[in-house]
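Quick note on labels: first sequence line is chain A, next is B, and so on, each numbered from 1.
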Amino acid sequence: SQQGEEDPQALSIQEGENATMNCSYKTSINNLQWYRQNSGRGLVHLILIRSNEREKHSGRLRVTLDTSKKSSSLLITASRAADTASYFCATDNGGTSYGKLTFGQGTILTVHP
Amino acid sequence: GAVVSQHPSWVICKSGTSVKIECRSLDFQATTMFWYRQFPKQSLMLMATSNEGSKATYEQGVEKDKFLINHASLTLSTLTVTSAHPEDSSFYICSASGAWWNTEAFFGQGTRLTVV
């Protein structure tokens with residue numbers, strides 16, 4: 001079952017602006033991962049944050065994790081038109097099948113040049 | 001990171017026929033692989049967990065007789081959509097877990113299935 005909820009469902013911004021997407025989940029996790037998907041294509045792994053981490057950076061990406069609120073956010077700074085894509089959070093709940101992911105509903109990001 | 005190769009990337013088949021999709025881990029051994037399905041403008045839904053040398057574990061609502069999964073080796077899992085119907089048209093994507101705990105999953109490129 002889908003346990004991740006993302007908001008907003010769609011986000012439209014101008015190039016150069018920052019984009020923030022949020023993800024909430026329901027059960028305890030081992031880690032939370034963010035993926036990007038261009039229209040009709042496969043997934044690109046962006047960043048993984050473990051349950052004992054609170055913040056992680058990778059280039060223009062900043063991810064935060066608040067396990068007490070069961071939520072995460074993805075910030076893309078200085079957005080570019082090429083960032084236009086769907087973004088999904090996915091939780092790995094651990095257990096015997098590690099690597100088994102539950103995906104959020106996704107945020108469609110449109111960056112206008 | 002590790003590489004997972006999925007084949008074919010797209011396939012069109014006639015209603016009533018079967019289609020096989022392959023998922024290979026190229027540079028590591030994957031005892032567990034996962035199959036997801038994504039309908040247009042929706043998120044990815046886990047269909048089943050594929051375990052090497054044993055039966056797959058299907059998620060609730062997924063017909064195991066329709067979606068046959070075989071994981072005969074540590075590097076190959078296959079998904080066969082049997083007696084395909086237009087409503088099976090979807091994007092199917094596999095992933096393999098890393099060989100170590102708490103690391104990213106590695107995804108194949110996905111397969112776009114269109115049943116006509």
Check: Between Ser95(B) and Gly99(A), what is the shortest heavy-atom contact and its length?
Finding: OG-O, 4.4 Å
Next item on the list: Search all heavy atoms of Ala105(B) against all heavy atoms of Gln33(A) and return the closest pair with its distance.
Entry: N-OE1, 3.6 Å
Checklist line | Side chain Ser43(B), main chain Gly106(A), donor-acceptor under 3.5 Å | finding: no
Item checked: Gap separating the NZ atom of Lys100(A) from the OG1 atom of Thr49(B), nearest 0.5 angstrom -> 4.5 Å
Note to self: I'd like to check the side-chain contact (heavy atoms from CB on, under 4.5 Å) partners of His112(A); sequence neighbours left out, ordered by chain and number.
What the structure shows: Ser12(A), Gln14(A), Thr110(A)
Notebook entry, point to check: More than 12 heavy atoms of other residues, nucleotides or ligands under 6.0 Å from CZ of Arg80(A): is that the case?
Noted result: no
Item checked: Partner set under ring pair (Phe, Tyr, Trp, His ring centres under 6.0 Å) for His57(A), not counting sequence neighbours -> none
Checklist line | Leu43(A) CG to Phe106(B) CZ distance, which is reported to the nearest 0.5 Å | finding: 13.5 Å
Next item on the list: Provide the closest heavy-atom pair for Leu101(A) versus Tyr36(B) in the form atom of the first, atom of the second, distance.
Entry: N-OH, 3.0 Å
Item checked: Greater than 12 external heavy atoms within 6.0 Å of Arg41(A)'s CZ -> no
Next item on the list: Report, by ascending residue number, the residues of residues 69-77 of chain B in heavy-atom contact with chain A at a distance under 4.5 Å; give 'none' if the set is empty.
Entry: none
Check: For the atom pair CG (Leu46(B)) and OG1 (Thr102(A)), what is the distance rounded to the nearest 0.5 Å?
Finding: 7.0 Å
Next item on the list: Determine, using the 4.5 Å side-chain heavy-atom cutoff (strictly less than), whether Tyr92(B) and Val19(B) are members of one ILVMFWY cluster.
Entry: yes
Check: Is there a path from Val62(B) to Phe34(B) through hydrophobic residues (I, L, V, M, F, W, Y) whose side chains come within less than 4.5 Å of each other?
Finding: no
Checklist line | Over 12 foreign heavy atoms within 6.0 Å of NE2, His7(B) | finding: no
Checklist line | In one Ile/Leu/Val/Met/Phe/Trp/Tyr side-chain cluster, 4.5 Å: Val81(B), Met47(B) | finding: yes
Notebook entry, point to check: Residues two or more places apart in sequence or in another chain: which of them pass side-chain contact (heavy atoms from CB on, under 4.5 Å) with Gln38(B)?
Noted result: Gln37(A), Phe88(A), Leu44(B), Phe91(B)
Next item on the list: Kindly give the heavy-atom pair with the smallest separation between Gly42(A) and Ile93(B), and that separation in Å.
Entry: CA-CD1, 4.3 Å
Checklist line | Lys66(B), NZ: over 12 other non-hydrogen atoms inside 6.0 angstrom | finding: yes
